[in-house]
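The sequence lines fix the lettering, A, B, ..., with proteins before strands; numbering per chain opens at 1. Bear in mind that the values here come from a model prediction, so they are computed numbers and not experimental data.
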Amino acid sequence: MAATFPALIQPRLLAALQASSVADLLPDGFMPSVDPAQNPQFGDYQTNAAMVLAKQAKKNPRELAAEIVEKFESDNLTETPEIAGPGFINFRLKKEVLEQRTLDLLADSDRLGVDKVADPKKIVIDFSAPNVAKPMHVGHIRGTIIGDSLSRVADFLGHEIISDNHIGDWGTQFGMILYGWKNVLDEKALEADPVPELLRVYKAINQLCEDEPELRETCKAELVKLQSGDEENLKIWEKCVEVSKIGLQKIYDKLDITFDHWLGESFYNDKLQPLVDDLLERKIATESDGAVCIFFPDHKKLADQPPAIIQKGDGGFLYATTDLATIDYRIKEFGADTLWYVVGIPQQLHFDQLFEASRMIGNDVELQFIPFGSILGKDRKMFKTRDGDTVQLDDVLNESVARAYKIVDEKNPDFPEEEKQEIARTIGIGAVKYSELSQFRLTDYIFDWDNMLALKGNTAPYLLNAYVRTRAIFRKMGSDFEGTDVITLTEAAETTLALKLAQYAEIVPMILSDFRPNTLATYIYELATTYHKFWEACPVLKADGDVKATRLALCELTGRVLKHALSLLGIQTTEKM
RNA sequence: GCGCUCGUAGCUCAGCUGGAUAGAGCAACGGACUUCUAAUCCGUAGGUCCCGUGUUCGAAUCACGGCGAGCGUGCCA
């Protein structure tokens with residue numbers, strides 16, 4: 001596949017710069033930036049290179065721009081560049097170039113113009129990671145959906161990606177669960193639907209502990225028994241983990257999310273003591289106030305923060321210990337060279353410490369903390385499971401599907417029942433995912449049903465409707481797209497759409513440069529808008545000859561790109577709605 | 001106290017490594033369906049980009065200082 005338009009313009013522009021009076025100022029390996037023009041009136045692409053270099057050369061930017069344009073060899077790629085404003089150079093693609101690109105993209109149905117990365121990595125991605133014995137609530141939705149989307153994008157770009165659900169299956173919550181299991185468990189309720197019953201037990205004991213604090217000691221004793229290998233408690237624990245996993249899997253199935261591994265905290269139990277001993281021996285960790293800690297005296301920020309504790313005074317381990325063991329395992333057993341952690345921003349300090357500790361240990365691995373903002377309750381405070389007033393993730397998904405069904409049923413009362421439900425599932429789940437992925441991941445927001453489940457405006461149904469419209473054409477025509485030898489762009493709406501389609505290849509690689517699926521979401525929204533406008537302006541089936549062939553091709557290609565881009569967000573498509 | 005993140009239209013949010021007149025959606029108002037799906041399109045209205053200073057030809061964007069919100073901060077995860 002040919003390079004993207006910026007990648008084609010850049011070397012020509014560089015050659016012009018090297019032939020200009022500022023050639024001496026260009027650093028080795030310099031490549032001028034070429035970006036899509038903000039406003040179509042300026043052209044298709046623009047560069048600010050003249051302004052940047054004029055500054056260094058102490059020249060007039062517009063004069064330098066004129067010199068660059070003079071030396072610019074378009075080689076039939078663009079029209080003569082134009083100079084505008086303070087010194088922008090604007091490029092407009094030749095029509096034939098865009099037409100040829102459209103044909104190329106049609107022939108490239110697998111990749112749609114998107115190249116694989118030159119340096120594929122082996123990446124373990126850690127996301128979702130719910131605690132067992134507690135159902136997922138809305139707070140878990142971000143990491144789960146963002147992590148899944150990043151996995152899909154990385155995979156498509158040619159990385160080897162291994163997803164690992166590092167579930168919390170060994171935490172202190174088991175003290176209360178074990179006590180509750182033995183004292184307040186409703187066996188029948190457990191059999192009927194284990195996850196809510198486990199939550200009830202957890203909440204009940206949590207409440208009891210509030211009322212009579214001495215109960216906490218009893219719970220702690222249960223935890224110690226578990227951790228020292230007590231047979232009865234181990235059995236209960238295993239049962240708990242088993243039923244919880246089944247409950248979690250149901251949610252993941254609804255979300256169409258899978259993991260390569262489920263290596264929870266408990267998996268690393270026998271690796272913790274040797275790790276601590278080793279770090280003590282290597283003087284990376286030291287004893288302090290009875291606990292084993294890692295200090296960071298040379299780190300400019302962490303030096304003033306408390307140490308990372310890897311073993312408690314009572315001999316117990318903490319999540320810093322488990323996470324260090326996990327890094328080690330992922331490097332040695334998975335052969336990973338890169339680890340991604342999609343985790344809430346409150347854990348920033350923990351990961352700063354963890355990564356620094358890993359560096360001190362000498363691990364040769366790239367570590368990437370990909371944080372996301374918090375979902376807050378109406379009181380602007382973070383959701384906390386133990387309070388019990390959180391909204392469960394499953395309820396959100398069900399409500400979303402129900403709302404979508406209502407509209408599907410209104411608009412298409414004649415569709416078979418099963419089809420209506422299938423469409424409602426696609427739209428409902430897609431709406432939740434899109435509302436998350438279309439937002440910058442670090443922004444905090446207050447949970448609001450109507451906001452998260454909106455179906456109007458910049459939402460999943462708008463995008464799905466654009467896809468449905470591409471399919472409606474071929475359904476009406478009575479046959480699938482049969483290919484074309486010629487593309488003739490005449491209307492502005494066609495040109496704009498063709499350019500937008502070509503830019504898919506520019507957008508996808510950008511997602512991983514700063515881990516922002518919302519850049520892709522924005523692109524899909526713009527593509528859908530562009531297509532909807534094309535739809536209004538350009539009749540397809542009533543057209544003839546090359547015009548019709550061109551428009552059919554644009555519909556087909558738009559459908560392919562929409563479907564593919566949505567799949568990178570983990571959103572499924574529907575043929576009708 | 002120290003540290004992290006955020007602050008943009010009435011509301012919810014975009015705005016990529018500094019670029020041209022700061023953009024969408026919702027809500028409000030006005031238009032367009034005997035037409036390939038109107039879950040659409042077109043138009044009107046809406047702004048002290050939290051405040052201040054600095055760097056720059058140019059700042060919503062970068063730096064510093066405030067203010068506000070949320071979060072973290074030695075034995076939970």
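- Between B:G46 and B:G1, the distance separating the two C1' atoms is 43 Å to the nearest Å.
- Electrostatic pairing of A:Glu436 and A:Lys433 does not count as a salt bridge here, judged by no charged N lying under 4.0 Å from a carboxylate O.
- Within residues 31-43 of chain A, the residues having any heavy atom under 4.0 Å from RNA chain B are, by residue number, A:Gln38, A:Gln41, A:Phe42.
- Salt bridge present: A:Asp514 and A:Arg516 bring a charged side-chain N and a carboxylate O closer than 4.0 Å.
- Between the base of B:G25 and the side chain of A:Thr459 there is no donor-acceptor pair shorter than 3.5 Å.
- Of the side-chain N and O atoms in A:Asn518, one or more sit less than 4.0 angstrom from OP1 or OP2 of B:G15.
- Residues A:Leu541 and A:Ile423 each lie close to RNA chain B; by heavy-atom proximity, the contact nearer the 5' end of the strand is made by A:Leu541.
- Counted by atom type alone, A:Tyr467 and A:Thr558 present zero donor-acceptor pairs between their side chains at under 3.5 Å.
- Base orientation of B:C33: syn, since the glycosidic angle falls within 90° of 0.
- For A:Lys55 and B:G58, a side-chain-to-base donor-acceptor distance below 3.5 Å is present, hydrogens and geometry of angles not being considered.
- Put simply, the side chain of A:Gln46 and the base of B:A20 share a donor and an acceptor less than 3.5 Å apart.
- Cation-pi check for A:Lys271 over A:Phe267 is met; the charged atom lies under 6.0 angstrom from the ring centroid and within 45 degrees of its normal.
- A donor-acceptor contact under 3.5 Å is formed by the side chain of A:Asn90 with the base of B:A20.
- In this structure, A:Arg471 pairs ionically with A:Glu556, as a charged nitrogen and a carboxylate oxygen lie closer than 4.0 Å.
- For the pair A:Gln348 and B:G72, the criterion of a side-chain N or O lying under 4.0 Å from OP1 or OP2 is not met.
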